[in-house]
Amino acid sequence: MKHVIDPLDLSVEEITELLDVSNDIEKNPKKYSEICKGKKLATLFYEPSTRTRLSFEAAMLNLGGSVLGFSSADSSSAAKGESVADTIRVISCYADICAMRHPKEGAPKVASEYATIPVINAGDGGHQHPTQTLTDLLTIRSLKGRLENLTIGLCGDLKFGRTVHSLIKSLSRYKGIRFVLIAPEELRIPDYIREEVLRAKDIPFVEVEKMEDVMPELDILYMTRVQRERFFNEEDYVRLKDSYILDMNKLKNAKPDMFILHPLPRVNEISTEIDNDPRAAYFRQAQYGVYVRMALILKLLELEA
Amino acid sequence: MKHVIDPLDLSVEEITELLDVSNDIEKNPKKYSEICKGKKLATLFYEPSTRTRLSFEAAMLNLGGSVLGFSSADSSSAAKGESVADTIRVISCYADICAMRHPKEGAPKVASEYATIPVINAGDGGHQHPTQTLTDLLTIRSLKGRLENLTIGLCGDLKFGRTVHSLIKSLSRYKGIRFVLIAPEELRIPDYIREEVLRAKDIPFVEVEKMEDVMPELDILYMTRVQRERFFNEEDYVRLKDSYILDMNKLKNAKPDMFILHPLPRVNEISTEIDNDPRAAYFRQAQYGVYVRMALILKLLELEA
Amino acid sequence: MKHVIDPLDLSVEEITELLDVSNDIEKNPKKYSEICKGKKLATLFYEPSTRTRLSFEAAMLNLGGSVLGFSSADSSSAAKGESVADTIRVISCYADICAMRHPKEGAPKVASEYATIPVINAGDGGHQHPTQTLTDLLTIRSLKGRLENLTIGLCGDLKFGRTVHSLIKSLSRYKGIRFVLIAPEELRIPDYIREEVLRAKDIPFVEVEKMEDVMPELDILYMTRVQRERFFNEEDYVRLKDSYILDMNKLKNAKPDMFILHPLPRVNEISTEIDNDPRAAYFRQAQYGVYVRMALILKLLELEA
C-alpha cells in the first residue's frame, strides 16, 4: 500500500512518471475518462479548503470515478471524539482512496498507518501539502519544458509558507537550480531550510528584500501572500507590504518567458492588471493541479490508461 | 460563451425552445439520461438554498453528468478573501458549467465576466433568480397550455419578492396577459415595475388588498410569503396576515381550472388543506424546476438529445 | 410504496432475504455495480452523522447510482421554517429514494406519509435506527453463521442506547437467543424492554454489573459507550467506568470464536490493544453496514441483480 504524505515520499523518477502521465492526460483527456469507473474517492476535510477539495473531486470525476466525504470537521465524527485511526479504518470500507486535510500536523501520517486504502495528504496544518508541490512542479515543467537549470524566485512569506518549503526541497533534487529568496527580514526562510537543504546540498541561493533588482534573472517567480498578522508591528507591515505586491511596474524588467506562479487564493499580492499578461500562470496552475491529482490517483490505485 | 444572469437574458424564442425541450424531457427522460456524461456542474452556493441547489444537482445527475461544489460560504475560499473573479477562473478549470448563488447582488454577473464556462445565476440577493422564473413559466405553460391570454394573480409580498418582479417582467412579453396584484398597502409592487414595465407596455393590471373579490377571474394564483419583519408595526401584521393565507374558504369561488403556484418554501401562507386539491400545483412546480434546469444546462453546454 | 422507519417494519422473512442479498453482494460486488444506474439517493441529514451518511452514499455509489443531499440542518430549508412534509414532497421530485436523519423522533415517519419515494430512517433522535440494526444482524449472521441459538452479551449504556433496544427486539424474533445484559445500575435496560419484550416473550436473560464473570458464556459481545453525562454524580462514574472498558485482560476468558461488535464511534470503551485480535469485528461491521444498505436500497427500489 502506497501513500503520499510528504512531497519527498515520491522519488525523482516517480515524479517524472507522474508529470508525464499528467501531460498525457492534458493532451488526451478522453483516454482517461472511464478508467476509475466504480472507484470512490473519500475527501476527508477536517478543515475547509474549497479549492483543494474541488480539485481532488474534479480529478476523480474526470477519471469516471465518484466522490464522497465531508468538507469540515463540524459535520464529521471527529466532533464525537473518534480517533483518526478509527475514522480511516471505517472510511477504508467506504472508499478506494482518500484525500485528507487536517489542521493537525501528522494526522494524515497516522491515518496512513491504519488505512487499508491509499491516503493522500491534502494539507496538514503548516506542515505538508504534497499535491500543491506536484502542481507547482508540473506547472514549471509544462511551461518551461524542464525542471533543471532554472532560477526560481520565491517571494513573500518564506518563513511560514509550507508550499515554499516543500517546493525548495523538491526542486533541490534537480540539477542547476538557483534560488532567489525575496522576503522581508521578518519572513526569511527558516534556518533549517537554509542550512540543511540549501547549504548542505550546495545549492546556490541569494536572499534579498526587494524583487525589483532580481527580476531580470528569474525564470519563475513564485508569489505568496504576506499576511499582516505575521508582523510584530503595524509600522513594519505598512512599510513593507507594497514591496511584496507584484504590479506591472515591478514586472517591467522581467524576462518575456518568465512565469508567475501563486498557490492561490490570492488576496492583493498580485495586481489584477497582471492577470492577462502571458506570464501570469497562476490560473493555468489550477488546471495543472487537476491533471496531477488525476495522475496521482491513478498511480496509487495502480491503474493505467 | 452564453450565461444566464437575468431572466430577460433569454429571448421569447429562446424561452419557447427551452420550455419545449423541458416538456420533451418530461415525456422522454431516458432520451436525456446520458447526454451530459463526463460533464461536471459546479454548484457554488455562497448562501444555503437547499431546494435550488438540489434541483440543479438532480438536473445534472438526470443528464448523466456529475456535480461538485459547496453549499455555504463557510466552506468556501471566500472566507480567505478571494474575489469572485478569481474563484470563477479556478472553478472554470474544475467544471464545465456552474450555478452560483450569492447574497450580493451582481456577483454572478461579475463571475460571468471572468468565467470560461457558462454561469447560471441561482439567485443573487433580492435581485434575480432566472431559473425560478423559467420554472414558473414552464409550470404555467404546461398546466394551462399557453403563456398568452391569461389573468395572473400575484398575492402576498409584491414589494420585496424578486420572483414576482421577474415573473411580471417575463410574462409582460406575452400577448393578452392581465395582472391582478393582491397585496397589503405596505407590500405593493415597487413603482418602477408599475411605471416602467406595466404602464410603459400598456399591460392591464389592477391592484387590490383582498383576494376573495378577484378570485373568480384568475387563471393562475401565484402565492408568496408575507413576512412579519416586513411590517412597520405588529398591529398591521396581525390585522393583515390572515388575508394572505389561502384556505379552502377563499378558494371556493376560484375557477376549477385555476392553478396555484408558490416558489416554496411555504410557511403557512397556503393552508395544507389545499395540498390535495387538483388546483394545487406548487409541488408539481418543483418537478418542472428540475426539467427546465436540465433544458437550460443542455442549452448552455450546446448539447442536444 | 414501502418505507423502513422501524427495524420491525421488516418481517423475519424479509430480513433473511436482505441478509442473503447482502452476502451475495459481498461475494459478487461486480454483479451489482450498475444496477442503480440513473437512480438517485437523497441523504437528508438534519443532524450530522458522517459515518451513517457516508455508508449510505457508498452503498448507492457501489450500485452505480448517484447521491445528492445535505449533511446538516444549517444548509437545509428547515432553517426557513419548512415542514418535513413539504420538504419530502419536493425531494420526491429530485430523487428516487431517500435516507433521513433527524434529531426529532418521528420525523422520518411523517416524511414517509407524504413521500412518493421510499424513505429510510437513518436515525431519529434516540428512537430508531433500522439500518444499524440490520448491520448488526448481518454481522452476527455472517460471522456466526446463524441468528439462532446464540448468547448475546450487551454491555455499557443499555438504558439510552437505541441500537441496543432495537437489537434486543429484533433478535427476540429468533429461536434460542439468550441475553446477558451488562450495565451499571444507573444504565440498566428500561422496564418496557424487560417486561414487554423479554418477559412477555419468555426470552432467557440475566442482568449483571461486571463483564468478567459472564465473558466465557458469550457468543457475541456488543459494546456501547458509557457516557459521563449519564451519571448523577462524578463519583459513580469514576468508580464504574473502568468496568465498561474492554481490554485484553477482560477478554482472556472469552471463547475463541466470540465476536466483539460496536456501533461506533468508539471513544475509549474498547482498548485499542484489542483491534488486531481476530475477535474484534467492529470494523468489519462497518463494511457489513455498506452491504446491507445496498441490499435495502435494492429492495425498496424493487431492483434485482
Side-chain angles (χ1 to χ4, degrees), chain B residues 26 29-30 32-34 37 41 43 45-75 101 135 225 227-228 262-270 272 275-276 280 282-291 293-294, chain C residues 34-48 50 53 57 60-61 63-102 107 110-111 113-117 297 301:
Chain B
E26 182 184 11
K30 284 243 163 103
Y32 295 84
S33 68
E34 304 250 336
K37 198 173 166 183
L41 166 73
T43 48
F45 277 59
Y46 288 86
E47 67 179 4
S49 176
T50 312
R51 183 185 318 287
T52 304
R53 180 172 60 84
L54 295 185
S55 183
F56 270 109
E57 297 192 8
M60 191 53 162
L61 295 172
N62 285 348
L63 295 166
S66 49
V67 178
L68 47 79
F70 51 86
S71 57
S72 73
D74 333 328
S75 53
R101 174 88 164 210
T135 299
R225 183 145 57 106
Q227 291 173 276
R228 184 185 296 254
H262 189 297
L264 303 181
R266 153 180 73 174
V267 177
N268 68 347
E269 55 278 13
I270 301 178
T272 55
D275 293 355
N276 293 318
Y282 29 95
F283 296 121
R284 274 174 283 172
Q285 199 178 350
Q287 182 66 72
Y288 285 122
V290 177
Y291 298 142
R293 286 181 178 97
M294 290 170 73
Chain C
E34 303 251 336
I35 197 168
C36 280
K37 199 173 166 182
K39 301 287 182 189
K40 285 161 287 147
L41 166 72
T43 48
L44 310 179
F45 276 59
Y46 287 86
E47 65 178 7
T50 311
R53 181 172 61 83
E57 298 192 8
M60 191 54 163
L61 296 172
L63 294 166
S66 49
V67 178
L68 47 78
F70 50 87
S71 58
S72 72
D74 334 328
S75 54
S76 86
S77 297
K80 295 180 189 161
E82 184 173 70
S83 70
V84 163
D86 276 20
T87 298
I88 198 70
R89 277 186 283 208
V90 172
I91 294 295
S92 295
C93 303
Y94 296 169
D96 301 285
I97 186 166
C98 96
M100 177 182 284
R101 174 88 162 208
H102 205 288
V110 171
E113 287 160 10
Y114 293 93
T116 57
I117 57 172
I297 289 169
L301 290 176

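Every chain is numbered from 1, with letters handed out A, B, ... down the list of sequences. What you see is a predicted model, and the numbers here were worked out from it, not measured in a lab.
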Legend entry - Step-by-step side-chain contact (heavy atoms from CB on, under 4.5 Å) determination, C:Tyr94 to B:Ser55: CA-CA 6 Å; C:Tyr94 296 169; B:Ser55 183; 3.4 Å; yes
Inset, instruction - Mind running side-chain contact (heavy atoms from CB on, under 4.5 Å) on C:Lys40 and B:Asn62 for me, showing each step along the way? - result: CA-CA 9 Å; C:Lys40 285 161 287 147; B:Asn62 285 348; 2.6 Å; yes
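Residues C:Gly69 and B:Leu54 come closest through the heavy atom pair N-CD2, 3.5 Å. When all heavy atoms of C:Glu82 and B:Pro265 are compared, the pair lying nearest together is OE2-CB, 3.4 Å.
The distance from atom OG1 of C:Thr116 to atom CZ of B:Phe283, rounded to the nearest 0.5 Å, is 10.5 Å.
For C:Asp86, the side chain to side chain donor-acceptor pair (under 3.5 Å) criterion is met by B:Arg266, C:Arg89, not counting sequence neighbours. Applying the ring pair (Phe, Tyr, Trp, His ring centres under 6.0 Å) criterion to B:His262, with sequence neighbours excluded, gives no partner residue.
Using a 4.5 Å cut-off on side-chain heavy atoms (C-beta onward), C:Leu68 and B:Arg53 make no contact. Counting only heavy atoms from C-beta outward, the side chains of B:Arg51 and C:Val90 approach each other to under 4.5 Å.
Of the two parts of C:Lys39, neither the backbone nor the side chain holds a non-hydrogen atom closer than 4.5 Å to a non-hydrogen atom of chain B. B:Glu47 does not touch chain C: none of its heavy atoms, backbone or side chain, sits under 4.5 Å away. Neither the backbone nor the side chain of B:Asn268 comes within contact range of chain C, judged by heavy atoms closer than 4.5 Å.
Among B:Ser66, B:Ala286, B:Pro29, the residue making the largest number of heavy-atom pairs under 4.5 Å with chain C is B:Ala286.
Counting heavy-atom neighbours within 6.0 Å of B:Tyr32 OH, excluding the residue itself, gives a total above 12.
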